[in-house]
A.B. asks: 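Okay, handing you the structure first.
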Number of protein chains: 2
Amino acid sequence: MPKSSHRKKTPKPPEYLAPVADYFKVLSEISRLQILSCLREGAMNVSEIGEATGLGQANLSKHLKMLTEAEILSRQPQGVAVYYEIKDPMIFELCELVCDRLYERMQQKAEKFKRLSALSSFAK
Amino acid sequence: MPKSSHRKKTPKPPEYLAPVADYFKVLSEISRLQILSCLREGAMNVSEIGEATGLGQANLSKHLKMLTEAEILSRQPQGVAVYYEIKDPMIFELCELVCDRLYERMQQKAEKFKRLSALSSFAK
DNA sequence: ACTTTATATGACTATATAGTATTTTAACAA
DNA sequence: TTGTTAAAATACTATATAGTCATATAAAGT
């Protein structure tokens, strides 16, 4: 019997979402965010990024490959070194949006705590 | 000898970045994006979301928990059912930014291909 | 009380991937 | 050529987590 007719489960095979999920996945590791954070100031070669981040060479190399394949970084060999640079600054917009929101939440929680603690038996 | 003095490696333990990475991680799975996509139209209970997405009950429950703990969804029990709702619409901004960018890139690649193919030996 | 229905939780498996050690490739210099 | 340095690739380990099955909890009806 054909699977495509009158199925009951998995009504939406959502192929649209995979590239989006993959993009977010690239941004979901501390090490990669560290690399991006470094490169905000401009292009750096692998050794420099390694010093700045403390990441191991092989590990770093893999992360850089991943970021380059995601077209977030660009890669420019110069002699024996390879320089990487931010290719798509949109990532900083994304990070800022998230950071701002996380900050707001923390502020709100602090406010809430302040109000509640003022009502408690510890308040003078 | 104390680790903290004159170290050579791991110059930046970047604790700032962990919450940001965690946030992106929540958005980095197709199933969770599927759930969020459903809920754009309004609150739904777990059974409804399950039907709409085709996700298994236990799996769905875990994703909903994760999204709720990330404060992306809010949770409202109503009798024996539990309704979930978008709490922080900022996620849609994020998704739109990414989608738009991915679309741009595809467009550019198509253009590039078109130009190159017009120059090739297959062109009339 | 018992039953049913909806959701959550725990145990488990399978897969993906971050990190590391090692090897390989590539570019330049002597 | 050989040597040196920088980066990438390969092989491996360890951990995290998506998915599933089974069980537990909780609310509402009988």
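Note on naming: letters A, B, ... go to the chains in the order of the sequence lines (proteins, then strands), and numbering restarts at 1 for each one. Predicted model, so just to flag it, every value in this text is computed and none were measured.
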A.B. asks: Tell me which of B/Asn59 and A/Tyr83 sits closer to the 5' end of DNA chain D, going by the nucleotide each one is nearest to.
C.D. replies: A/Tyr83
A.B. asks: Does a distance-only test, which skips hydrogens and angles, find a donor-acceptor pair under 3.5 Å between the side chain of B/Gln57 and the base of C/dA6?
C.D. replies: no
A.B. asks: Round to a whole Å and report the spacing from CG of B/Leu64 to C1' of D/dG19.
C.D. replies: 15 Å
A.B. asks: Between D/dA8 atom C1' and A/Gln76 atom CD, what is the distance in whole Å?
C.D. replies: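 Answer to the nearest Å: 17 Å.
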A.B. asks: Separation of B/Ile30 atom CD1 from C/dA16 atom P, in whole Å?
C.D. replies: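 So the CD1-P distance, B/Ile30 to C/dA16, works out to 12 Å.
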A.B. asks: For A/Ala58, which contact category applies under a 4.0 Å heavy-atom criterion: base, sugar-phosphate, or nothing?
C.D. replies: base
A.B. asks: Given the structure, check if the side chain of B/Lys25 and the base of D/dT17 hold any donor-acceptor pair shorter than 3.5 Å.
C.D. replies: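 No pair found.
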A.B. asks: Identify whether NZ of Lys or CZ of Arg in B/Arg40 sits under 6.0 Å from the centre of the six-membered ring of B/Phe92 and within 45° of that ring's axis.
C.D. replies: yes
A.B. asks: Quick check on the hydrophobic clustering: are B/Tyr83 and B/Ile86 connected, directly or via other members, by side-chain heavy-atom contacts under 4.5 Å?
C.D. replies: no
A.B. asks: Answer whether the closest heavy-atom distance between the side chains of B/Thr68 and B/Ile72 falls below 4.5 Å.
C.D. replies: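 They are not in contact (no side-chain heavy atoms under 4.5 Å apart), so the answer is no.
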A.B. asks: Ignoring hydrogens, what is the shortest heavy-atom contact between A/Leu27 and A/Leu36? Give both atom names and the distance.
C.D. replies: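 That closest heavy-atom pairing would be CD2-CD1, 3.8 Å.
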A.B. asks: Base, sugar-phosphate, or nothing for B/Ser61, non-hydrogen atoms under 4.0 angstrom?
C.D. replies: base
A.B. asks: Which part of the nucleic acid, if any, lies within contact of B/Tyr84, taking any heavy atom under 4.0 Å across all strands shown: a base, the sugar-phosphate backbone alone, or nothing?
C.D. replies: sugar-phosphate
A.B. asks: Could you tell me how far apart B/Phe24 (CZ) and C/dA18 (C1') are, to the nearest whole angstrom?
C.D. replies: 19 Å
A.B. asks: Scan B/Lys65 against the nucleic acid and name what it touches under 4.0 Å (heavy atoms): base, sugar-phosphate only, or nothing.
C.D. replies: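 Sugar-phosphate only.
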A.B. asks: Closest-nucleotide mapping onto DNA chain C: is A/Met66 or A/Gln78 further toward the 5' terminus? I mean the 5' end.
C.D. replies: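 The residue mapped nearer the 5' terminus is A/Met66.
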A.B. asks: Let's see if you can work this out: which of C/dA18, C/dA26, D/dA8 has an atom nearest to the side-chain heavy atoms of A/Arg75?
C.D. replies: D/dA8
A.B. asks: Ignoring backbone atoms, test whether B/Ser31 places a side-chain nitrogen or oxygen under 4.0 Å from the OP1 or OP2 oxygen of D/dG19.
C.D. replies: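 Yes, such a contact exists.
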A.B. asks: Any side-chain N or O of B/Ser47 under 4.0 Å from OP1/OP2 of C/dT5?
C.D. replies: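 It does not, given that no N or O in the side chain of B/Ser47 lies less than 4.0 Å from OP1 or OP2 of C/dT5.
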A.B. asks: Got a second to check how far A/Leu94's CG is from A/Cys99's SG, nearest 0.5 Å?
C.D. replies: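 Interatomic distance, A/Leu94 CG to A/Cys99 SG, rounded to 0.5 Å: 11.0 Å.
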A.B. asks: If you assign each of B/Glu48 and A/Glu29 to its closest nucleotide in DNA chain C, which residue comes earlier from the 5' end?
C.D. replies: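 The residue whose closest nucleotide sits nearer the 5' end is B/Glu48.
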A.B. asks: Atom NE2 of A/His63 and atom P of C/dT17: how far apart are they, to the nearest Å?
C.D. replies: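 The distance from NE2 of A/His63 to P of C/dT17 comes to 12 Å, rounded to the nearest Å.
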A.B. asks: Could you check which of C/dA8, C/dT5, D/dG19 has an atom nearest any side-chain atom of B/Val80?
C.D. replies: C/dT5
A.B. asks: Return the value, rounded to whole Å, for the distance between atom CG of B/Leu60 and atom P of C/dA6.
C.D. replies: 14 Å
A.B. asks: Just the rounded figure in Å: distance from P of D/dA7 to CE of A/Met44.
C.D. replies: 11 Å
A.B. asks: Evaluate the salt bridge (charged side-chain N to carboxylate O under 4.0 Å, His left out) criterion for residues A/Lys109 and B/Glu71: first the C-alpha distance (whole Å), next the side-chain angles of each, then the deciding distance (0.1 Å), finally the verdict.
C.D. replies: CA-CA 12 Å; A/Lys109 274 177 192 145; B/Glu71 296 185 77; 2.8 Å; yes
A.B. asks: CG of A/Leu55 versus C1' of C/dG19: gap in Å, rounded?
C.D. replies: 10 Å
